[in-house]
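Notes follow once the structure below has been shown.
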Amino acid sequence: MANKILTIKNLTKTYGNNIVFQNIDLSINEGDTVVIIGPSGTGKSTLLRCINLLTKPNGGQIWLDDEEITSKEVNEDNVRQHIGMVFQNFLLFNHLTALENVKLGLVKVKKMDKTAAEAKTFQELERVGLVDRAHHFPGQLSGGQQQRVAIARALAMDPRIMLFDEPTSALDPELIGEVLEVMRKLSLAGMTMLVVTHEMGFAREVADRIVFMEKGSIVEEGSPEDLFNRPKFQRTREFLWKITELYGKKE
Amino acid sequence: MDIIRFIQYIASGTAYTLGVTFVALPSGLILGLILAIIYVYGGKIAARILSVYSTVMRGIPPIVLLFILYFIMSGTINLSPFWAGSISLGVISSAYQMEIIRGAILSVSGGQMIAALAIGMSRLQAIRYIVLPQTLRLAIPPWSNEAAIVIKDSSLVYALGVPEILRRAQLISASTQQPFLAYTTAALIYFGLVLFTNTLLRRLENRLRIPANP
């Protein structure tokens, strides 16, 4: 049986009386790409933030490998180092070049020496095809390039798993492709990935498993094949129908 | 007394004016910076206390505060009027500088902090390497305003007897019966100092500007 990298049990998040999500169970095997789809406001992004300990869940547990990261004794900074996160609005450090953005974590968090960090940085920029933009500032890069640098920045920390929070939602249509291409390659290279996206083409082609979330719970999960062709629930069918009509006319 | 010696007498107070400014402005900056960080990241109670500090310090005329702080300080530790006056002005300025820096911290997007935490940085590292470098750049224009105010407010220490520009202008005006010349000379020196400082800070702002496509 494959190695489980991430295990979520009974996870619940509420703000006051407002339930964001409730009793979420999810596990991800090493090397798998799991895509979460669902209408906005169903807690997908909050779920990713909880996994990265950027938001505290109200109940339930999360394990990264064999370590329970929701336990009180855990060093949060240390955990986040092993979980890569890519945000909808890129969030590159505005005052640093692409190179410095990727290098900073290596030097300050991993305490690598400057030469080794720089070599690793160029390796990661190479992976996202942006070596020639190393000395550009975020304000000098297109949205797609910024997001690719953000991916390189997360990858540089050698994370156990990469979380993508709607990585292409803030991009102009012509820039979406380059980011999805980087993610597709990453998935093929065996990175474990949890992706929240509305890109159904990507989900269908790259995902090992698709999870459909609505109103704070998981409605249905399965292979892309099953979910797209034989959804068990009416809600899943309606959502997929609506979203493919909106985004993927060609399919 | 010829005019050159007249002007020289007043201008020699510039050393004190600069001295007061060079103590008050940096000490106000360091204190203001620390207080601003505590204000933003230190929780509700700290924010409440600092909000009171800011309101009180900014709600009282600097000359009144200067006297109060001066008499507290000279009563407890034996400081010269120069040091007591400079440090008092620094403390007063810290409230204004805290507000400037706090505003700048808040205008750096909260996402920057989240992104820093996400790669495994501690909060302190995130503040030091991500938030502050952007904050301080944003703070330069309002800060140069505060620098001008501190240069001008340094004249207040004349009331403690420190022989700076205004004090000297007052003395020589009394002894020569030439108030217009005396105070105009003082005004021009202050104006020159403020202009020079603002030009310098504008250059700094341009040099530190983060490159971006238009």
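When reading the values below, keep in mind they use all heavy atoms of this one structure, side chains included, and skip hydrogens, waters and symmetry mates. Keep in mind it's a predicted model, so treat the numbers as computed, not measured.
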Is it the case that over 12 heavy atoms from other parts of the model lie below 6.0 angstrom from the OH atom of B/Tyr16? no

Heavy-atom proximity to chain B below 4.5 Å, by part of A/Leu92: backbone

Donor-acceptor pairs, chain B vs chain A, cutoff 3.5 Å:
{"residue": "B/Gln112", "atom": "NE2", "partner": "A/Leu92", "partner atom": "O", "Å": "2.8"}
{"residue": "B/Gln125", "atom": "NE2", "partner": "A/Lys108", "partner atom": "O", "Å": "3.0"}
{"residue": "B/Tyr129", "atom": "O", "partner": "A/His95", "partner atom": "NE2", "Å": "3.0"}
{"residue": "B/Gln134", "atom": "NE2", "partner": "A/His95", "partner atom": "ND1", "Å": "3.1"}
{"residue": "B/Asn213", "atom": "N", "partner": "A/Gly139", "partner atom": "O", "Å": "3.0"}
{"residue": "B/Asn213", "atom": "ND2", "partner": "A/Gln140", "partner atom": "O", "Å": "3.3"}

Can you list the residues of residues 26-35 of chain B that sit under 4.5 Å from chain A, counting heavy atoms only? none

Between B/Ile114 and A/Met85, is any pair of side-chain heavy atoms under 4.5 Å apart? no

Kindly give the heavy-atom pair with the smallest separation between A/Val109 and B/Met121, and that separation in Å. CG2-CG, 3.7 Å

Using heavy-atom distances under 4.5 Å, tell me whether A/Leu53 contacts chain B through its side chain, its backbone, both, or neither. neither

Rounded to the nearest 0.5 Å, what separates atom CG in A/Leu96 from atom CD1 in B/Ile210? 8.5 Å

Decide if atom CG of B/Leu124 counts as having more than 12 heavy atoms of other residues, nucleotides or ligands within a radius under 6.0 Å. no

Is it true that atom OH of B/Tyr158 has more than 12 heavy atoms of other residues, nucleotides or ligands lying nearer than 6.0 Å? no

Turns out that what part of A/Phe93 lies under 4.5 Å from chain B's heavy atoms comes down to both

